[in-house]
Amino acid sequence: MNILQLEDVVKTYDKHVAVDKVSFNVPEGRIFGLLGPNGAGKTSLIRIITTITRADEGRVLLAGEPLNSNTPTQIGYMPEERGLYKKMKVGDHLMYLAQLKGLSKKEAKAAIGDWFDKFEISDWWGKKVEELSKGMQQKIQFIATIIHKPKLLILDEPFSGLDPINTNLIKDEIHQLQQEGVSIIFSTHRMEQVEEICEEIVLINKGKNILNGEVKAIKDQFKENRFRLDFDTDLPTAVTQQANIIEQGPNHIVIQLSAGEDSNNLLRYFISNGLHVTAFNEILPSLNEIFIQQVTTFEEAV
Amino acid sequence: MNNLWLIIKREYLTRVTRRSFILATLLTPLAIGLFFVVVSFIFQYDSDDSKRIAVIDEGNIFDGKIKDENNLFFKFVNSDLDELKNSFEETDYNGILLIPSLEDLLKKDFRVFYYSDEKLTLDIEPIIVSRIRERVRDYKIDQLQIDRQQLNALNTKIELEPKPIKAAPEATTKMAGKIAAAIGFFMGIIMYMTVFIYGMMVMRSVMEEKTSRIVEVMISSVKPFQLMLGKIIGVGAVGLTQLAIWAILIPLIVTIAGLFFGADADAMPPSAAAAGAEIDPEEAEAMLSLVIQELSQQNWWAILPLFILYFLGGYFMYSALFAAVGSAMGDDLGEGQALTIPITIPVLLAFYIMMVSVQAPNSSLAIWSSIFPLFSPIVMPARIPFDPPIWQVLLSLFLLIATALALVWLSGRIYRVGILMYGKKVGLKELGKWMFRG
């Protein structure tokens, strides 16, 4: 079951095509990465999903239904550019945002109380937003995003400007929410975070979908049959005839296997030649490498 | 609908509970009351500086009589001028008033001399002049043997009394035109100020939402148009609240201040009293009752609802434009200032036309400006006390409401693009393009 389906979505501003026939699905209960360089069209896509703007062409389905006036109550969106009304009291502010998301006064109050207990900030209710530090405001923004228990959570660069403590706090909350069945779209251009958090990604560049799939599958797809061997004795002298070494260090080598060659045979060769192997593993490309490679090849093609 | 109500409520409550709003709303009437008290105190303030003046009456015009007043003491002396001047240091006189004898009774000019090394101050000069003028007049009448009654009859007082040709439901008085102009002018000024004050308030609030980056969070929950409309209605309600409080408090405080500090006609300064010398207290009282009669004869049941309608129309129209401009502005208030000029120009023009219209409410300039929707909210209220033809009012209202709706809609289209535009300087041309973007 997909929580979100995009089919050939197009969005044009003046003559600039921001989103160009993009299609992908976000499976329910997954953490999904929406990746792309700055200006690739990520924010344009998110604004379409959150019904801030409308797509010129194509279809967007949330939980099987086309986007409608009820959509905003099912989505929690934390924009990259986020702020709060500085003069409002924290409690009033959250009440306001929660009620705009369709919660009744009573529900809103209870939900805010729960989160305040959880983050141990119950004494913040009567404080003005401007009295809070930046990190404290970020907590409030996060609570505001999820206060109405959305089915789909969209986080646009959620960790930008966050201190390490809040970063971990929100990471934990993201995982917890996922366990409760919430689907999460995580938009960023920071690849190390994607690798750590996301299970599935779509890569957007210049408004086009250039790569889509599970992180593991994508890595498999882009692997180049390279293996790293660590050892603590001397290498056999005839090793270069047996294997294509592309990198060599004092206690490790990186070997390129040709297609169809079995890595077990190689390992067996080294062991039978008396090499003391401490580690042997396949080198998978990092998402960052794939990202850069994909973007540059895409750009050359255009 | 529910969200719109939530937005209106927040916009209203955050403003009226703000300390600056409460202070401004309560302190403005107090400040006006204080102003009245201070002004009347200043006018009531009598000079405590007493002056003694020696009078040499060469022709014995005064017959030895001249009234003292306000620390001003006149003393007739029989010595001659040179003698007095020589011994001036020893006397306690401040000056010497030399009134020569009146040679030619038919001569209009009469020169009197005042010898002193002190400057003649503004508060005593008019008293001396008027004393002498009155006395010389009486003296001339007696000497020329003119009949006083005949003389008084020469000074004909003209009253132009307007009378309706067709039978009017109520009699108009000679004050009608002036009162209508005053009411019209007052309403025009209030319109002009509210459009600016509250329109600017909407604009600043839009800019704040944009610069504090709350706006994208908001519009992921509500439609941009709802957010804009809620803000306009909320601020408008704040404006009405403030006006209502002032409408009650200002007359109250001014009346109380008047009671306690006696800011009445007696407190008029001598110069003002001299200027209005022809108005005696009885006449002033009669005029006051005429004003009150005329005020109560105004058709307030038509004036007030129309005033509110024009207020709403004008406010919605201009605050929507201000909202659109606010959405296009960046973090820098200065750079966007150019964008507000196209809005302020019609408001200023309307203000000047309004000032002309209260004097000539049926000129073609006044008529067409009160129908043209960008001017009508300020010009038409100024014309209403003059009973303009009903078709003009209806046409003007229809055009105003239609234009206000159209401008709110168009501004909404600019607004929804503008609020998401960061770090880009935009011109009027771009705003125009945004209106038609899909």
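Order of the sequence lines fixes the chain letters, A, B, ..., with proteins taken first and strands second; residue numbering starts at 1 for each chain.
Atom NZ of B:Lys9 and atom CD of A:Gln99 lie 6.0 Å apart (nearest 0.5 Å). Atom NZ of A:Lys101 and atom CG of B:Asn3 lie 9.5 Å apart (nearest 0.5 Å). The NZ atom of B:Lys210 sits 11.0 Å away from atom CD of A:Glu81, with the distance rounded to the nearest 0.5 Å. Distance check, rounded to the nearest 0.5 Å: CZ of B:Arg213 to CD of A:Glu80 gives 10.0 Å.
Atom CG of B:Leu23 has more than 12 heavy atoms from other residues, nucleotides or ligands within 6.0 Å. Annotation: A:Arg54, atom CZ; neighbour count of heavy atoms from other residues, nucleotides and ligands within 6.0 Å does not exceed 12. Taking a 6.0 Å sphere around NZ of A:Lys128, one finds it holds 12 or fewer heavy atoms contributed by other residues, nucleotides or ligands. No more than 12 heavy atoms of other residues, nucleotides or ligands shown are found within 6.0 angstrom of NZ on A:Lys149.
Contact of B:Ser212 with chain A is made through backbone and side chain together, with heavy-atom distances under 4.5 Å. Looking at B:Val217, both its backbone and its side chain come within 4.5 Å of chain A, counting heavy atoms on both sides. Using a 4.5 Å cut-off between heavy atoms, B:Ile7 contacts chain A through both its backbone and its side chain.
Scanning all heavy atoms of the two residues, the minimum distance from A:Ile52 to B:Ile219 falls at CG1-O, 3.5 Å. Counting all heavy atoms, side chain and backbone alike, A:Leu84 lies closest to B:Ile214 at CA-CD1, 3.7 Å. Closest of all the heavy-atom pairs between A:Pro72 and B:Ser221 is CB-O, 4.0 Å.
B:Glu216 and A:Arg47 are joined by a salt bridge, as a carboxylate oxygen and a charged side-chain nitrogen come within less than 4.0 angstrom of each other.
Put simply, the side chain of B:Ser220 does not reach to within 4.5 Å of the side chain of A:Met78, judged on heavy atoms.
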**OP:** Apply the test side chain to side chain contact (heavy atoms under 4.5 Å, CB included) to residues A:Leu97 and B:Met218: give CA-CA distance (whole Å), side-chain angles for both, the deciding distance (0.1 Å), then the verdict.
**Re:** CA-CA 8 Å; A:Leu97 292 176; B:Met218 288 300 299; 3.8 Å; yes
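Options A:Leu100, A:Asp92, A:Thr50, A:Thr53 differ in how many heavy-atom pairs under 4.5 Å they form with chain B, and the most are formed by A:Leu100.
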